[in-house]
Number of protein chains: 2
Amino acid sequence: MEPFKPDQTDIGILRLLQEDGKMPYKELAEKLGKSINPINERIKRLKAEGYISATVALLDLQKLGGTFIAFPHINLTNHLESTMSLFMAKMVEYPEVMECYHLTGHYDFMLKVVMPSMAHYNTFLKEKITILPYVGNVQSFLALSEVKRKMTYPYL
Amino acid sequence: MEPFKPDQTDIGILRLLQEDGKMPYKELAEKLGKSINPINERIKRLKAEGYISATVALLDLQKLGGTFIAFPHINLTNHLESTMSLFMAKMVEYPEVMECYHLTGHYDFMLKVVMPSMAHYNTFLKEKITILPYVGNVQSFLALSEVKRKMTYPYL
DNA sequence: ACTGAAAGGCAGCCGTT
DNA sequence: AACGGCTGCCTTTCAGT
């Protein structure tokens, strides 16, 4: 089983689909100079191989009550492999945690959480983050506004 | 013109579409106990009113060369309205900037950038960020790994 | 691996309640 | 605002190159 590597046509498909995930295969075929069938097959393969992880609707959270965005920066009290795994498993489990990154430097982890209010956030921090025995310092960076947010990776 | 507010059926549609943006309207109709037509009309309205901003394919950037993720935290040298606007316009313009947030506290702005390598990042910082005359201190937080990233807002 | 055509399914629009 | 039926387009599959 030779490992699958996307060629230029595949990259073209990915470029277009990350801007419009519902673009008709007919239109993709025209823009890429192929017929519908290879487009269909390539997309199927790109999904199967995990290059396309999902197709989702992006919502305007501001309009839907998600007015409070915070980026807690977190330090653990130790850096054992087992402690890190425990923490990461918790973050994956918590639905409030939209994103979690393992960092270098001053902080070990950074989260992104979106909530209806600061009150929700305080409760979240108290009951789900600082309560964890291996969590040390937590510094909360709060967002006044979301200036930009896009999903399209420009280096494809 | 009374302002449009999504009801429970609309919320149900949004919940489902933010997990699978290509779910057939037939399936949405069944899960929500309605027929296809109202689903179609509601989705059209939700898009027109901006509750659904786009439907996009989520790509596995790790597999596609986007291995370097950084979160530069930026301070401006002054906080005039005109300076802030100028900076934000630049961030919106730069394709490398995936996200940009206006913060409270120690830093004025935080960006998210995804790039093929640290070399790209250094070039980006030098030529597009620190070169701006109104940019003061920049602290780069680098991601070792992306532990979690999802698009579904849990408070719908 | 791509082409072309054919079949099934779904979205979009109608009139109606 | 939602229903049911109709039309047209899109996705999917199959046979052929």
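Just so we're on the same page: letters track the sequence lines, and every chain starts at 1.
Rounded to whole angstrom, the span from the CD1 atom of B/Ile39 across to the C1' atom of D/dA1 amounts to 12 Å. Look at NZ on A/Lys26: it is 14 Å from P on D/dG8, rounded to the nearest Å.
Dashed line: the shortest gap from a side-chain N or O of B/Ser35 to OP1 or OP2 of D/dA2 is not under 4.0 Å. Of the side-chain N and O atoms in A/Asn40, one or more sit less than 4.0 angstrom from OP1 or OP2 of D/dT12. Not one side-chain nitrogen or oxygen of B/Asn37 sits closer than 4.0 Å to the OP1 or OP2 atom of D/dC3. The phosphate of C/dC2 (OP1 or OP2) has a side-chain N or O of A/Arg42 nearer than 4.0 angstrom. Residue B/Lys44 places none of its side-chain N or O atoms closer than 4.0 Å to OP1 or OP2 of C/dA11.
At a threshold of 4.0 angstrom between heavy atoms, the contacts of B/Ile36 with the nucleic acid are absent.
Between B/Tyr51 and B/Phe4, the ring-plane angle classifies as perpendicular under the 30° and 60° cut-offs. Using bins of under 30°, 30° to 60° and over 60° for the plane-to-plane angle, the ring pair A/His73/A/Phe141 lands in the tilted bin.
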Would B/Lys31 and B/Glu27 satisfy salt bridge (charged side-chain N to carboxylate O under 4.0 Å, His left out), going step by step from the backbone distance to the final call? CA-CA 6 Å; B/Lys31 295 197 176 183; B/Glu27 191 176 339; 3.5 Å; yes
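Side-chain proximity of A/Arg45 to C/dA11, C/dA1, C/dT3: nearest is C/dA1.
Between C/dT17 and D/dT7, the distance separating the two C1' atoms is 22 Å to the nearest Å.
B/Leu17 is not connected to A/Met151 by any chain of hydrophobic side-chain contacts under 4.5 Å among Ile, Leu, Val, Met, Phe, Trp and Tyr, and they are in different clusters.
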